[in-house]
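One-based numbering along the sequence shown. For ligands, and for the atoms within them, numbers begin at 1 and follow the listed sequence.
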Amino acid sequence: MNILEKMRLDGKNGFVTGAARGIGKATATALAEAGADVAIVDLDIAEAEKTAKAIGEATGRDVFAVQADVTDPASVDQFIQAVLDRFGAIDFAHCNAGICINAPAAEMTYEQWKKVIDVNLNGVFLTAQAAGKVMLAQGHGSIINTASMSGHIVNVPQPQCAYNASKAGVIMLTKSMAVEWADRGVRVNSISPGYIGTELVLSNQTLIPLIDKWNAMAPMHRMGTVEELQSIVVYLAGDTAGFTTGADFSIDGAFTAF
Ligand code: NAD
């Protein structure tokens with residue numbers, strides 16, 4: 001088998017949260033293209049159904065939608081059970097759902113702070129913990145958490161302290177789980193994208209005018225695309241990444257390199 005054949009995910013299955021659109025939709029597509037069966041997990045079930053149908057038709061894989069709120073432990077347990085009922089095992093989990101609320105630290109309400117931490121950090125904890133329990137029992141599995149370059153640097157000029165803190169938390173949560181589970185067959189890694197042109201950015205009217213400023217600061221003078229995040233997730237989900245755990249992968253066009 002050559003390296004590209006070894007990287008294929010035939011016979012594997014798992015899920016992506018926040019997969020109805022954006023980065024999660026792109027990674028779910030790539031995982032299915034690589035041969036895996038994939039559950040599309042999202043709060044927005046109507047969009048998740050459309051995404052699942054499109055990926056399933058394009059790839060011929062078993063791709064189905066499940067509604068879940070990653071901030072609700074009961075909802076997370078339900079979707080994990082739904083994935084297990086459908087696939088019988090969980091080989092990979094891409095914990096990717098996230099939100100951003102921009103507000104100056106001095107003015108951010110506690111409700112805004114809690115909302116961001118709840119989805120971005122507590123949601124990843126609940127999802128990775130629930131998937132991790134299944135994987136520990138199986139004796140194998142790969143968890144991929146979406147962090148951000150905001151877990152490494154403070155973005156400017158927009159104020160987003162809760163988002164930055166939540167993503168730094170995801171990176172350390174990832175490393176902590178990786179160390180605890182390293183000798184039990186479960187790998188845990190995170191990806192830290194730079195600015196990516198998804199609705200998280202493009203549906204936020206306060207962020208759109210900032211794109212030119214970000215691009216001026218960026219060594220590549222552009223945002224990334226969702227397609228540029230696909231191969232790292234396929235790699236991490238598969239067996240060629242067997243010695244890769246506890247790592248965070250910056251995919252930001254060198255934005256955080258200086
Ligand atoms: P997006 O807004 O396009 O998609 C996010 C998806 O998550 C949506 O489908 C939404 O319905 C779902 N979601 C939100 N809250 C949820 C919840 N409580 N339970 C289940 N699903 C929920 O965003 P995106 O840009 O694709 O971002 C995906 C991840 O990548 C997020 O964690 C984000 O922080 C991270 N990220 C994004 C960028 C960027 O520039 N777009 C950069 C770095 C990291």
Examine [X] against ligand 1 and note whether any of their N/O atoms are separated by less than 3.5 Å.
{"X": "I196", "result": "yes"}
{"X": "T146", "result": "no"}
{"X": "N120", "result": "no"}

With a cutoff of 4.0 Å, is [X] in contact with ligand 1, counting heavy atoms of the residue only?
{"X": "G197", "answer": "no"}
{"X": "G123", "answer": "no"}
{"X": "K167", "answer": "yes"}

Go through ligand 1 atom by atom and flag the ones less than 4.0 Å from a non-hydrogen atom of [X].
{"X": "A147", "result": "44 (C)"}
{"X": "G194", "result": "40 (O), 42 (C), 43 (C)"}
{"X": "A68", "result": "19 (N), 20 (C)"}
{"X": "V201", "result": "40 (O)"}
{"X": "Y195", "result": "40 (O)"}
{"X": "D69", "result": "17 (C), 18 (N), 19 (N)"}

Checking a contact table here: which protein heavy atom is nearest [atom], and how many Å away?
{"atom": "atom 14 (C) of ligand 1", "value": "I99 CG2, 4.0 Å"}
{"atom": "atom 36 (N) of ligand 1", "value": "Y163 OH, 3.4 Å"}
{"atom": "atom 16 (C) of ligand 1", "value": "L43 CD2, 3.9 Å"}
{"atom": "atom 2 (O) of ligand 1", "value": "R21 NH2, 2.7 Å"}
{"atom": "atom 23 (O) of ligand 1", "value": "L200 CB, 3.4 Å"}
{"atom": "atom 24 (P) of ligand 1", "value": "T198 OG1, 3.5 Å"}

Is the shortest distance from a Lys or Arg side-chain nitrogen in [X] or [Y] to a carboxylate oxygen in the other one below 4.0 Å?
{"X": "E5", "Y": "R8", "result": "no"}
{"X": "R222", "Y": "E228", "result": "yes"}
{"X": "K115", "Y": "E111", "result": "no"}
{"X": "D37", "Y": "R86", "result": "no"}

> Heavy-atom distance under 4.5 Å between the side chains of I211 and L202, does that happen here?
Replying inline: yes
> According to the side-chain hydrogen bond (donor to acceptor under 3.5 Å, both in side chains) rule, which pairs have a member within residues 167-187, sequence neighbours left out?
Replying inline: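 Matches after skipping sequence neighbours: N145-T174.
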Please compare [options] and report which has the shortest non-hydrogen distance to [atom].
{"atom": "atom 5 (C) of ligand 1", "options": "G98, P193, G22, A97", "answer": "G98"}
{"atom": "atom 17 (C) of ligand 1", "options": "V170, V70, V116", "answer": "V70"}
{"atom": "atom 6 (C) of ligand 1", "options": "S166, S148, G18, C95", "answer": "G18"}
{"atom": "atom 29 (C) of ligand 1", "options": "I23, D42, N96", "answer": "N96"}

>> ring pair (Phe, Tyr, Trp, His ring centres under 6.0 Å) for Y195 and F255? Distances and angles first, verdict last.
In response: CA-CA 9 Å; Y195 292 114; F255 204 105; 5.7 Å; yes
Please report, to 0.1 Å, the donor-acceptor pairs under 3.5 Å made by any side chain of residues 122-135, with sequence neighbours excluded.
unit_1 : atom_1 : unit_2 : atom_2 : d
N122   : ND2    : D118   : OD1    : 2.9
T127   : OG1    : G123   : O      : 2.7

> Between CG of L31 and CD of Q230, what distance do you get to the nearest 0.5 Å?
Replying inline: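 Here the interatomic distance stands at 9.0 Å.
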>> Are there over 12 heavy-atom neighbours, none belonging to K53, within less than 6.0 Å of that residue's NZ?
In response: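 No, the 6.0 Å shell around NZ holds no more than 12 heavy atoms from other groups.
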> Is it the side chain (CB and beyond), the backbone, both or neither of S203 that lies under 4.0 Å from ligand 1, heavy atoms counted?
Replying inline: neither
> Which bit of V226 gets closer than 4.0 Å to ligand 1, counting heavy atoms only: side chain, backbone, both or neither?
Replying inline: neither
>> Donor-acceptor check, side chain of N189 to backbone of A247, threshold 3.5 angstrom: yes or no?
In response: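 Yes; judged by distance alone, with no hydrogens or angles, the pair exists.
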> Do S166 side-chain atoms and I117 backbone N/O form a donor-acceptor pair below 3.5 Å?
Replying inline: no
>> Within the 3.5 Å criterion, strictly below it, is a donor on D77 or Q81 matched to an acceptor on the partner's side chain?
In response: no
> Does the side chain of D42 come under 3.5 Å of the side chain of Q67 through a donor N or O and an acceptor N or O?
Replying inline: no
